[in-house]
Amino acid sequence: MPKKYHIHTKVTPLNLDYVFKFRIERGENCINCGKCTKVCIYEAHKRGKGGDPRKMADPNTMVCRNCFRCIQECPRGALEKSLDKDFLNIGGSYWKSDMFITLWKQAEDGKVPVTGAGYRGPFTGPGFDSMWTDMSEIVRPTRDGIHGREYISTSVELGRKLNHLTFDDCGKLLSKIHDTIDIPIPIIFDFPQDNLSHNVKTAIVRAAAELNTCVILSADRIAADLKKYTKNIIPLIPHKEIDKHQALIKSVRMVAINYNDEVLSTLPALQDKIKKINNVLTIFRVPATNAVETIVSSLAQSGAEIIHVVADYRGMEYGSSRADRRLAKDIIRAVHLKLVEDRIRDEVTIIFSGGIAMAEHVPKAMICGADLTAIDLPLLIALGARLYEEPEKILVFPEALEKISVRTIMHRIVNLMGAWHSQLLEVMGAMGIREARRLRGETGRAIFFDEIDNDTFGKLFKKRETAKI
Ligand code: SF4
Ligand code: SF4
């Protein structure tokens with residue numbers, strides 16, 4: 001049995017003043033009895049260090065999981081939880097405030113987040129929130145632990161695959177098997193923005209190397225000290241600058257090229273030119289416009305090996321008016337179905353990025369039809385950044401970010417991926433799927449709210465509407 005892929009996490013605090021959903025505060029009427037230190041299993045309450053040890057220190061909201069036990073058990077009613085004023089302002093309609101708290105916690109300790117206050121809904125929403133994965137396998141008595149004996153592979157293969165094999169009359173294989181690259185998690189990093197400090201850039205690249213995945217990085221921005229990580233870097237090269245970057249192409253395993261009409265019309269020659277320099281795989285990046293499925297299909301028919309569909313940071317289609325822009329779930333499904341219709345789906349690898357904000361979005365994107373995902377903003381949120389969607393997209397970085405060590409940032413990104421990997425294993429284990437590659441396009445293993453809503457109530461309301469007319 002192959003060795004299990006394991007992500008080594010390490011508690012890595014940033015010591016920032018995070019925003020929390022609830023702040024826990026100790027009132028003046030506290031008698032320092034210490035009962036709260038015993039009831040809180042997350043050690044949010046401790047006696048004061050350094051000062052008077054008979055007195056309680058301020059509660060550590062960072063580790064609090066909102067179970068309310070200390071509040072109920074305090075004999076003096078001295079503890080209070082209140083909604084943090086900044087909490088509701090972070091994010092926006094897509095990047096919800098709760099997501100930041102979840103991502104910060106995951107980056108801190110690499111664990112699957114736990115909350116004691118339960119979830120009171122809503123149970124559906126737009127995009128990925130309107131689909132649920134089939135967890136029926138979770139009740140199987142043979143389920144003996146995804147971290148134990150059960151082997152679940154989260155690796156995926158990138159590259160062009162054959163639709164079928166051809167043999168000659170003597171049974172000799174005639175088909176040329178294409179080269180592919182395996183990565184152990186269905187996630188690569190897409191560089192979130194170019195103007196990041198050097199320590200952040202280095203940390204993202206080193207985290208990709210530590211996780212054995214890759215990061216897409218503008219070819220002109222690869223500093224000399226990052227060259228030793230070229231196996232984990234996918235340089236984004238303008239299609240007219242292939243010659244200029246020959247030395248770089250010789251040292252990497254994959255390159256990325258932005259799609260345009262000229263790229264499509266010269267694709268086989270362009271791929272050949274790159275392959276003559278080095279036998280690398282080429283990723284074509286296509287913006288998710290309303291014609292994306294047609295473009296992806298044309299690229300695939302022209303021999304593209306890997307196509308990266310890029311939606312905006314909220315997982316929305318580019319270009320059309322906001323009201324009818326498709327969301328990630330529908331964009332991926334449309335691309336997948338078009339390739340199935342054109343009988344070329346199995347030959348090409350599809351990466352999806354844009355709006356991949358939570359661990360659950362990875363398996364959901366794959367169920368909709370992506371082979372793997374690329375993430376960008378979560379890498380910055382892991383290092384404490386805050387995003388505000390309205391009135392325009394603004395990213396606010398922690399003060400003195402450039403002074404945070406590369407190791408700290410790297411560990412936080414590795415932690416984040418550790419937490420996401422554990423959740424991917426949980427989802428796959430519960431679905432009874434043992435190989436991540438089998439998630440691709442498995443829409444029968446998910447429930448889509450629109451479809452069940454339409455099946456259950458659609459006919460009823462449609463009839464009424466018709467009767468009114
Ligand atoms: S249980 Fe209440 S009174 Fe006792 S130390 Fe904690 S906050 Fe103070
Ligand atoms: S609410 Fe629960 S988790 Fe939070 S401090 Fe109190 S006992 Fe600990």
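Numbering of ligands and ligand atoms starts at 1, following listing order.
With hydrogens left out, the protein atom closest to atom 1 (S) of ligand 2 is F68 N, 3.1 Å, a heavy atom. Among protein heavy atoms, atom 3 (S) of ligand 2 sits closest to R65 N, 3.3 Å. Of all protein heavy atoms, the one closest to atom 2 (Fe) of ligand 2 is C67 SG, 2.3 Å. With hydrogens left out, the protein atom closest to atom 4 (Fe) of ligand 2 is C64 SG, 2.4 Å, a heavy atom. In terms of protein heavy-atom proximity, atom 8 (Fe) of ligand 2 is closest to C40 SG, 2.3 Å.
Under 4.0 Å is where a charged nitrogen must lie from a carboxylate oxygen, and between R325 and D330 no such pair does.
Every atom of ligand 1 is numbered from 1 in the order shown, and the set under 4.0 Å from a heavy atom of P75 is 1 (S). Listed by number with element, the atoms of ligand 2 under 4.0 angstrom from any heavy atom of Y42 are 3 (S). Of all atoms in ligand 2, numbered sequentially from 1 with element shown, those under 4.0 Å from a heavy atom of A44 are 5 (S). Of all atoms in ligand 2, listed by their number and element, those nearer than 4.0 Å to a heavy atom of K81 are 1 (S).
Using the six-membered ring where Trp is involved, Y94 and H361 have ring planes that are tilted, between 30° and 60° apart. A perpendicular orientation is assigned to the rings of Y5 and H421, their planes being inclined by more than 60° (bins at 30° and 60°).
Side-chain contact check for Q106 and W420: at least one donor-acceptor pair (N or O, by modelled atom type) lies under 3.5 Å.
Remark: I152 CD1 to E435 CD distance equals 11.0 Å, nearest 0.5 Å. A distance of 7.0 Å separates OG1 of T124 from CG of D129, quoted to the nearest 0.5 Å.
Looking only at distances, a side-chain donor or acceptor of N32 sits under 3.5 Å from a matching main-chain atom of M56.
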Sequence neighbours left out, cut at 3.5 Å: what donor-acceptor pairs do the side chains of residues 201-209 make with other protein atoms?
| unit_1 | atom_1 | unit_2 | atom_2 | d |
| --- | --- | --- | --- | --- |
| T202 | OG1 | H198 | O | 2.7 |
| T202 | OG1 | H198 | NE2 | 3.4 |

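Residues D109 and T9 form no side-chain contact, since every pair of their non-hydrogen atoms from C-beta on lies 4.5 Å or further apart.
Counting only protein N, O or S atoms closer than 2.8 Å to atom 6 (Fe) of ligand 1 gives 1.
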query = Between K10 and E210, is a salt bridge (charged side-chain N to carboxylate O under 4.0 Å, His left out) present by the stated rule, with each step listed?
reply = CA-CA 13 Å; K10 178 183 171 196; E210 173 78 21; over 6 Å; no
